[in-house]
Amino acid sequence: MCIGPLCWIPMEQTAESPYKLLVSCPYGLSPSQLSVIFDESYDRIPHPDIDLEKSISEIWDSRVQQNGSLFNGKKFRYGGYVMHGEGGSNQQSHMCLHLGLTDYRTFVGTNLNPLWYKFLFPSEDDAIQCQHTASPLGNGAVVETSDKKLLVLQRSYNVGEFPGHFVFPGGHPEPQDAGLESHQCRNDSKDSELINEKVSQEMFDSIIREVVEEIGVPAVSLCDPLFIGVSRRQLNVRPAAFFFIKCSLESKEIQQLYSSAQDGFESTQLYTVSMVDLENMISNMPGCHQGGFALYRLMVDTLKST
């Protein structure tokens, strides 16, 4: 196997697991325990191979010709994290996410490129390994109903990625909703601190927004989300942040609300399942969502042992 930066494939890519847990927070982190540093130093680094870089625009232009409705929106780019504390339940744990800025066009041209693995850099450090990919940070929610069921959607067959697969509700935190379209000029440390706080808040606001829009439940029925970690699917190294959210409604009520969900067109069916049932569905989930379930299972097992 060639080990140059243009054709290196990480060892775990050949392993059986379809996901990698980049960070696990089994006790769950509240908004006060999760901060963000949003900085251009966490933006993507262009690949030194000029032809590979050119393929980004070539692939995007081709996709736009096939689908004129494609929109090149801004996304937050995952650039790593720093954990402080022991990760216990004493509320002393704190994690800081490192986020840059990218866009959908670059995601399509790097992570979704048929030659995506050529963008990887040979390193065991995830941030370095993926320094040439867009790696937009997605999000997902493991939602538990009042009758102890979990909510799972079956994706529409008209969506671009993983049509027909089972997924947790989710999408992306949005720079635009945090008032960011670029790396704004920062006159002093207070400006920087304010921007970081806005991005951190968007991490939690966005997952509530996604659940409300995709499932149809009112926001008041959802408890404050707990951040449980970041999973990355091994296929095209796509990262996603996962949250645990309790819902005060029962499964039957939620099924009725789902029929009029704002973004119901993105899915064909809502399942309310037990943890055992979900284990039987897991093989038909994208790798990052399989990792999301693994993060949830770690949380459940950790809380049982305390």
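Given the structure is predicted, the values throughout are model-derived calculations rather than measurements. These values consider heavy atoms only, across backbone and side chains, with no hydrogens, waters or symmetry-generated copies.
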Report yes if the distance between the aromatic ring centroids of H47 and F121 is under 6.0 Å, otherwise no. no

Evaluate F293 against E279 for side-chain contact (heavy atoms from CB on, under 4.5 Å), listing each step before the verdict. CA-CA 9 Å; F293 180 61; E279 288 175 346; 3.6 Å; yes

I'd like to know whether CD of Q176 has more than 12 heavy-atom contacts from other residues, nucleotides or ligands below 6.0 angstrom. no

Shortest non-hydrogen contact between C96 and V36, atoms and distance: SG-C, 4.2 Å

Between F107 and Y42, is there a shared hydrophobic cluster once you connect ILVMFWY residues whose side-chain heavy atoms come closer than 4.5 Å? no

Considering only residues two or more places apart or on different chains, which pairs with a residue in residues 199-223 satisfy salt bridge (Lys or Arg N to Asp or Glu O under 4.0 Å)? D177-R209, E202-R209

Check side chain to side chain contact (heavy atoms under 4.5 Å, CB included) between S24 and all other residues, then give those that pass, not counting sequence neighbours. P26, L295, L298

Does the side chain of F168 come within less than 4.5 Å of V143's, by heavy atoms? no

Quick check: is Y19 connected to I282 through a chain of hydrophobic side chains (ILVMFWY, heavy atoms under 4.5 Å apart)? yes

Does the plane of the ring in F38 sit parallel, tilted or perpendicular to the ring in H183? Use 30° and 60° as the thresholds. parallel

CD-CZ distance between Q131 and F119, expressed to the nearest 0.5 angstrom: 12.5 Å

Pairing residues for T268 by the side chain to side chain contact (heavy atoms under 4.5 Å, CB included) criterion, not counting sequence neighbours: Q154, S156

Exam field: side chain S135 to backbone R77, donor-acceptor pair closer than 3.5 Å: no

Side-chain heavy atoms nearer than 4.5 Å, only ILVMFWY residues, links allowed to pass through others: does that put L101 and V199 together? yes

Do you know which two heavy atoms are closest between P239 and V237, and how far apart they sit? CD-O, 3.4 Å

Say you draw a straight line from OH of Y78 to CG of L99; how long is it, rounded to the nearest 0.5 Å? 9.0 Å

Residue pair I207 / P169: nearest heavy atoms and the distance that separates them: CD1-O, 4.2 Å

How long is the span from the NE2 atom in H94 to the OG atom in S30, to the nearest 0.5 Å? 9.0 Å

Specify the closest pair of heavy atoms between Q234 and S17, including all atoms of both residues, with the distance to one decimal. CG-O, 3.5 Å

Taking the side chain from Q129 and the backbone from L120, do they hold a donor-acceptor pair closer than 3.5 Å? no

So, does N139 use its side chain to make a donor-acceptor pair with the main chain of G171 at under 3.5 Å? yes

Going through the distances and angles, do N196 and D39 end up as a side-chain contact (heavy atoms from CB on, under 4.5 Å)? CA-CA 9 Å; N196 289 338; D39 192 86; over 6 Å; no

Measuring from atom OH of Y296 to atom CD of E144, what distance do you get when rounded to the nearest 0.5 angstrom? 4.5 Å

Examine distances only and state if a side-chain atom of N111 and a backbone atom of A134 form a donor-acceptor pair shorter than 3.5 Å. yes

Result for side chain to side chain donor-acceptor pair (under 3.5 Å) between N236 and one of R233, R232, R238 points to R233

Does the side-chain contact (heavy atoms from CB on, under 4.5 Å) test come out yes or no for Q33 and S93, once each step is laid out? CA-CA 7 Å; Q33 295 174 282; S93 301; 4.3 Å; yes

Can you check side-chain contact (heavy atoms from CB on, under 4.5 Å) on L249 and L257, steps first, answer last? CA-CA 10 Å; L249 304 178; L257 292 167; 3.6 Å; yes

For P114 and I59, the nearest pair of non-hydrogen atoms, with its separation, is CD-CD1, 3.9 Å

Got L151 and V211 here, is their nearest side-chain heavy-atom distance under 4.5 Å? no

Kindly indicate whether the side chain of M285, heavy atoms from C-beta on, has any atom under 4.5 Å from the side chain of V152. yes

What heavy-atom pair brings Y258 and L153 nearest, and what distance separates the two atoms? CE1-CD2, 3.7 Å

Check: R105 and I56 side chains under 4.5 Å, non-hydrogen atoms: yes

With the side chain counted from C-beta on, respond yes when P48 and H132 share a heavy-atom pair under 4.5 Å apart, and no when they do not. yes

I'd like to check M299 versus F244 (side-chain heavy atoms, cut-off strictly below 4.5 Å). Are they in contact? yes

Are L115 and V108 co-members of a hydrophobic cluster defined by side-chain heavy atoms under 4.5 Å apart? no

Does a side-chain heavy-atom distance below 4.5 Å link M203 with F243? yes

L270 and Q255, any side-chain heavy atoms less than 4.5 Å apart: yes

D49 side chain to L52 main-chain N or O, any donor-acceptor pair under 3.5 Å? yes

Indicate, with yes or no, if Y104 and W116 share a hydrophobic cluster defined by side-chain heavy-atom contacts under 4.5 Å among Ile, Leu, Val, Met, Phe, Trp and Tyr. no

Does a side chain donor of either D147 or T145 reach within less than 3.5 Å of an acceptor in the other side chain? yes

Nearest-0.5 Å distance, CG of residue D191 to CD of residue E193: 10.0 Å

Value for CG (L226) from CG (D224), rounded to nearest 0.5 Å, stands at 8.0 Å

Side-chain donor-acceptor pair present, N113, T110, cut-off under 3.5 Å: no

When you measure from the side chain of D43 to the backbone of G100, do you find a donor-acceptor pair of N or O atoms at a distance under 3.5 Å? no

